[in-house]
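For reference, the structure is listed below as structure tokens.
Letters A, B, ... are given to chains in the order of the sequence lines, protein chains preceding strands, and every chain is numbered from 1.
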Amino acid sequence: MTETPIRTRFAPSPTGMFHVGGARSALFNWALARQRPDGRFVLRVEDTDAARNKPEWTEGIISALAWLGIHEEDPHFEGPYFQSAYADKHREAAEALFKEGRAYYCDCTREQVQERRGNPHLGYDGFCRDRGLEAGPGRALRFRVPDGGPTVVDDRIRGRVEFEHASIEDFVIARADGSPLFVLANVVDDVEMEITHVVRGEEHLSNTPKQQLLWQALGRTPPVWAHLPVIVNEKRQKLSKRRDKVALESYQEEGYLPEAMVNYLMLLGWSPGGDREIMPWSEMEPLFAVSDVNSSSAFFDEQKLRAFNGEYIRALNADEFVERCRPWLAPERVPWPEENFDEDVFAAIAPLAQSRVAVLSEIVPNVDFLFLDEPVEDEKSWSKAMKPGAGREMLAAALERFADPALPWEAGTLKGALEEIGASLGLKLGKAQAPVRVAVTGRTVGLPLFESLELLGRERVRERLRAALAKLERDASASA
RNA sequence: GCCCCCAUCGUCUAGUGGCCUAGGACGCCGCCCUUUCAAGGCGGUAACGCCGGUUCGAAUCCGGUUGGGGGUACCA
């Protein structure tokens, strides 16, 4: 079997934060390119809309791709290319199309076009087709769409899609100022870069007949087309930067692992088949096929992403977990004084937190009591655990018991001690530990208590018990 | 309006004419474990939009219908 060369491309425009939809397209293209020894994934930044582009968006795209594992050190990666650098090529192509009669100049204003149609929804009527206009100010270049028949797009995902030429207007390929439009620039670049597979979002499907016509007019065989289903929100609308949480960066920021994100994204519209979902990229990559991609839209379910992320976090070994938490423990992101942090203490508590965080940023509220001077104040937790009952007695008795130097300061014996105190007050351990937990950590839920006490140390624990008792005292006299 | 796409549990999907009294995962609900909360274990809830064909047989093929969605710029 001969290996046909595969050159895929990913062509984002830097007009905003990098999108999860873009990430999925990139991943699909990446898999395709990596499946062949000579396969290439071309990154082309479509920066021709100067008004909306910003350099930081371009940076964002490149770093987000790298985060997903798509980076320039990989031999399959090519680029980044910048569309703005190819403006000459675009102009040449436009010129050639004009010379060959495949395109013509038109000086109609939008108002004139609408006036003639009498309906704002009807497109251009071909008024200037045979007026023989030359290039000049106020004249845009339009592509002459063939008169009869259809253009048939052979889509790998959707099959055969037919567009009657009668329903395609003579579209503009270059503005009056000579600058090319997306539909032209995109095709010229794809031709130039010898792209063989165009795998992109479904929103481009209606551009495709126009682009296919352009490929043919340029004397080239069109690429393999594949239009991916759109990713939608809970209202089943295409994800939008304005109303939906779509920035890959925001997920990264929350502590989603790239491997979990990649895994989840690959499953939006595609499935490796069978009953497996959690699967590393290395296994998915060779299994991926565009022809297996679904054609119906997919909801971006953050809950499921979270579940996947939890799976990946739990699969980490203890050291890796500590390592991966590090960025979220950086001084500028953390509520405790920098000098209070202790590597060893964190490493000791981390295994207890590992199964309790779904995203890495959650590590902070889980361990903050160890490094804060005083536990956080959470009124709801406080009133729940300290409400009239044995709370006060528990704290007082614990303070007393913990003072005994003969009591070894270690989780097992601390548990025994609290159990005894609880029993003497007629409380099971579940009830007995609550006031102590709140006094020491500030919260009603948290990591296993006795290990936490052990790590915090006898003195600090007693200090917090004393402080809680004092607060109880104040509350009592205030309400009296 | 016009062009185009789509249609299996709430969600992501498996399924490519008989293996389907439709499988998995997330969610949800029980139970177990348990110092809180997770994790884990066990069990449960829940779907082929509708109507017609084709066929011995249809989730799978065809037509229609309904309902969603995308596009409709001298944006990308």
For A/Asn294, report the nucleic acid contact type (base, sugar-phosphate, nothing); a contact means any heavy atom under 4.0 Å. sugar-phosphate
What integer number of Å spans the C1' atoms of B/C32 and B/G70? 49 Å
Gap in Å between the two P atoms, one belonging to B/G41 and one to B/A46, rounded: 23 Å
If we take the P atom in both B/U60 and B/G44, what is their distance in whole Å? 28 Å
Within the 4.0 Å heavy-atom criterion, would you say A/Ala176 contacts the bases, only the backbone, or no part of the nucleic acid? base
B/A47: pairing nucleotide in any strand, Watson-Crick or G-U under 3.5 angstrom: none
Base-pairing mate for B/G18 - Watson-Crick or G-U, with both contacts under 3.5 Å: B/C56
Could you tell me how far B/G10 sits from B/C74 if I compare only their C1' atoms? Round to whole Å. 45 Å
At 4.0 Å (heavy atoms only), tell me whether A/Ala307 reaches a base, stays on the sugar-phosphate, or touches nothing. sugar-phosphate
When rounded to the nearest Å, what value does the distance between C1' atoms of B/G68 and B/U8 take? 16 Å
Pairs involving residues 147-173 of chain A, ordered by first then second residue, that meet ring-ring contact (aromatic ring centres under 6.0 Å, His included) (sequence neighbours left out): A/Phe143-A/Phe171
Flag this pair as yes if the NZ/CZ of A/Arg142 is under 6.0 angstrom from the six-membered ring centre of A/Tyr124 and inside a 45 degree cone about the axis; otherwise no. yes
In whole Å, I'd like the distance from the CZ atom of A/Phe171 to the P atom of B/A73. 13 Å
How far, in whole Å, is B/C51 from B/C12 if one measures between their C1' atoms? 29 Å
Given the C1' atoms of B/U55 and B/G18, what is the spacing between them in whole Å? 12 Å
At under 4.0 Å, does any side-chain N or O of A/Arg236 touch on OP1 or OP2 of B/C12? yes
Students often get this wrong, so: under 4.0 angstrom with heavy atoms, is A/Thr48 touching a base, only sugar-phosphate, or nothing? sugar-phosphate
What string of B, S and - do you get for nucleotides 32-51 of chain B 5' to 3' if you count protein non-hydrogen atoms under 4.0 Å? ---BBBBSS-----------
Closest to the A/Phe308 side chain: B/C4, B/A25, B/A14? B/A25
Residue pair A/Phe163/A/Asn207 against RNA chain B: nearer the 5' end by closest nucleotide is A/Phe163
Do A/His204 and the base of B/A76 stack face to face, with centres under 5.5 Å apart and an angle between planes under 30°? yes
Please determine if a side-chain N or O atom of A/Arg306 lies less than 4.0 Å away from the OP1 or OP2 oxygen of B/G27. no
Of A/Arg276 and A/Glu164, whose closest RNA chain B nucleotide lies nearer the 5' terminus? A/Glu164
Specify the separation, in whole Å, of atom CZ of A/Arg44 and atom C1' of B/A76. 11 Å
